[in-house]
Amino acid sequence: MNNLAQFRNKNHVKILVKKLHSNYPGGTLKLMEVCGTHTMAIARYGLRGLMPDGLKLISGPGCPVCVTPASIINASIKLSELPGTVIITFGDMMRVQGTHVTGTRVTGTHVPWSEKTLEIRKAEGADVRIIYSVLDMLEMAREEKNKNFVFISIGFETTTPGIAISIIEAKKIGLKNVFFLTANRLIVPAMHALCRAADIQIHGFLCPGHVSVIIGYDAYREIADQYSIPCVVAGFEPVDILLAIDDIIERISKKSAGVGNAYGRVVTERGNTQAMDIMHQVFKPVRAEWRGIGSIPNSGLDLRDEYTHFDALKKFNIKLVSQPEPKGCKCGDVLRGVIIPPECGLFSKTCTPETPVGPCMVSTEGSCAAYYKYGVGAE
Amino acid sequence: MCLAIPGRVISIEGMTGIIDLGGVKRKTYLQLVPEVKAGDYVLVHAGFAIQVIEEEEAKATLELLDEYFRSEETRAEESR
């Protein structure tokens with residue numbers, strides 16, 4: 001793929017922006033991206049500044065770390081306190097707080113509030129390890145048989161098939177010391193919830209490129225048909241994103257929603273069906289909580305009966321307890337696209353990447369982190 | 001978190017492959033792309049190859065853009 005640079009080509013960008021301006025039907029239109037990597041790419045390449053007046057790019061619940069409920073973080077903290085237990089996680093989860101006790105600022109640390117994160121637990125001596133691939137955990141578990149390994153299993157459809165493979169593999173080799181705290185989420189049910197919400201108006205969806213590699217662009221047809229909202233899959237280079245925006249605007253102008261694919265080099269109509277089959281072999285859809293959004297039917301994944309012995313909550317008898325959001329934190333409204341990060345009273349004041357209050361500032365792909373890193377004036 | 005990086009498959013052994021990710025060689029799991037061959041470009045996410053990249057598709061997109069760009073330039077020259 002030595003032609004990737006061409007998807008950042010200045011001339012191509014100019015053409016697409018010109019086309020977008022000349023095709024823009026006027027008025028206010030809100031396009032939502034539901035992918036943290038898009039959030040970062042749009043901010044990094046300054047694409048908001050190239051949009052016609054009235055065209056707003058808003059961020060939805062596309063960052064798996066941000067939508068993971070505080071109850072899961074609390075459970076992972078509890079698990080890290082069990083003797084002989086190793087917590088295995090993707091790096092982004094290290095600094096997310098669970099329960100907040102507002103107003104009790106801890107001075108002299110990077111964390112402003114009193115409650116714990118996995119990072120703090122590690123500093124306190126807990127065995128918390130960051131991994132690149134979940135299969136690496138199986139190798140650790142084979143070598144350290146006297147310890148229990150718990151994987152904090154988060155992610156959308158891009159990540160979940162790999163986790164499913166590791167669960168199948170753990171069963172096949174008969175590992176008795178690996179467990180999964182499952183908080184994986186499905187993106188299409190969340191899009192339904194957003195479309196049904198009374199306080200958000202979305203005119204088009206910029207669909208997540210790498211989730212779509214797995215689920216295929218046809219997965220969005222139910223959204224496009226049911227709510228007459230165009231759904232177009234985008235890649236992550238500026239040309240990819242502009243191609244998708246152009247397509248959405250054209251569909252809005254023609255008043256025919258439908259689904260489009262501006263990331264044809266990796267996304268197909270049906271996606272990676274092998275990966276979907278593996279995911280469904282291990283997991284079944286269940287109602288699940290999204291941080292800041294609430295409970296959404298069929299949006300989470302639970303282990304199927306033949307794999308429940310890998311369930312960390314069951315094994316260690318831990319109950320998930322819903323938690324209120326920290327006082328003043330508007331991550332819920334940010335995740336639903338109701339407000340943009342600078343409209344939150346805490347943004348860049350008490351809440352910064354060094355001292356984050358909410359998950360959207362903690363995660364490197366959170367909307368608040370993106371706005372902070374690339375400038376408040378990004379809009 | 002759904003970041004995925006393109007890389008070229010150098011060798012395959014069973015369900016794992018060595019992938020060249022921009023000069024860095026990395027062991028990658030291939031269970032999700034059973035059809036992959038050495039020499040193919042794949043998209044890698046969290047240690048797994050999740051798709052084989054269609055180079056022809058990428059070229060087609062770029063050719064369309066090039067064509068559009070050329071026609072725009074011609075139009076601009078004609079109007080001068």
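This one's a predicted model, so the numbers in the text were calculated from it and none came from an experiment. Proteins get letters first, then strands, A, B, ... in listed order; numbering begins at 1 in each.
- Across A:Asp277, A:Asp92, A:Val267, A:Ile154, the residue that shares the most heavy-atom pairs under 4.5 angstrom with chain B is A:Ile154.
- Atom CZ of A:Arg44 sits in a crowded spot, with more than 12 heavy atoms from other residues, nucleotides or ligands closer than 6.0 Å.
- The heavy-atom pair separating A:Thr158 from B:His45 by the smallest distance is O-CD2, 3.4 Å.
- Closest approach of B:Leu32 to A:Gly162, counting heavy atoms only: CD1-N, 4.3 Å.
- Residues A:Gly264 and B:Glu54 come closest through the heavy atom pair O-CB, 4.4 Å.
- Only the side chain of B:Leu43 has a heavy atom closer than 4.5 Å to any heavy atom of chain A.
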Residue pair B:Leu3, A:Phe236: steps toward the side-chain contact (heavy atoms from CB on, under 4.5 Å) verdict: CA-CA 9 Å; B:Leu3 193 68; A:Phe236 300 94; over 6 Å; no
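- Looking at every heavy atom in both residues, B:Phe48 comes nearest to A:Ser133 through CE1-OG, 3.6 Å.
- In this structure, B:Arg26 is positioned above the aromatic face of A:Tyr132, its NZ or CZ under 6.0 Å from the six-membered ring centre and within 45° of the axis.
- Between A:Gln274 and B:Gln31, the shortest heavy-atom distance links the atoms NE2-O, 3.7 Å.
- Atom CD of B:Glu13 has 12 or fewer heavy atoms from other residues, nucleotides or ligands within 6.0 Å.
- B:Ile50 approaches A:Asn272 most closely through the heavy-atom pair O-ND2, 2.9 Å.
- A distance of 10.5 Å separates OH of B:Tyr29 from CD1 of A:Ile165, quoted to the nearest 0.5 Å.
- Contact of B:Val42 with chain A is not made at all, since no heavy-atom distance falls under 4.5 Å.
- Of the atoms belonging to A:Thr37, it is side-chain heavy atoms, and not backbone ones, that fall under 4.5 Å from chain B.
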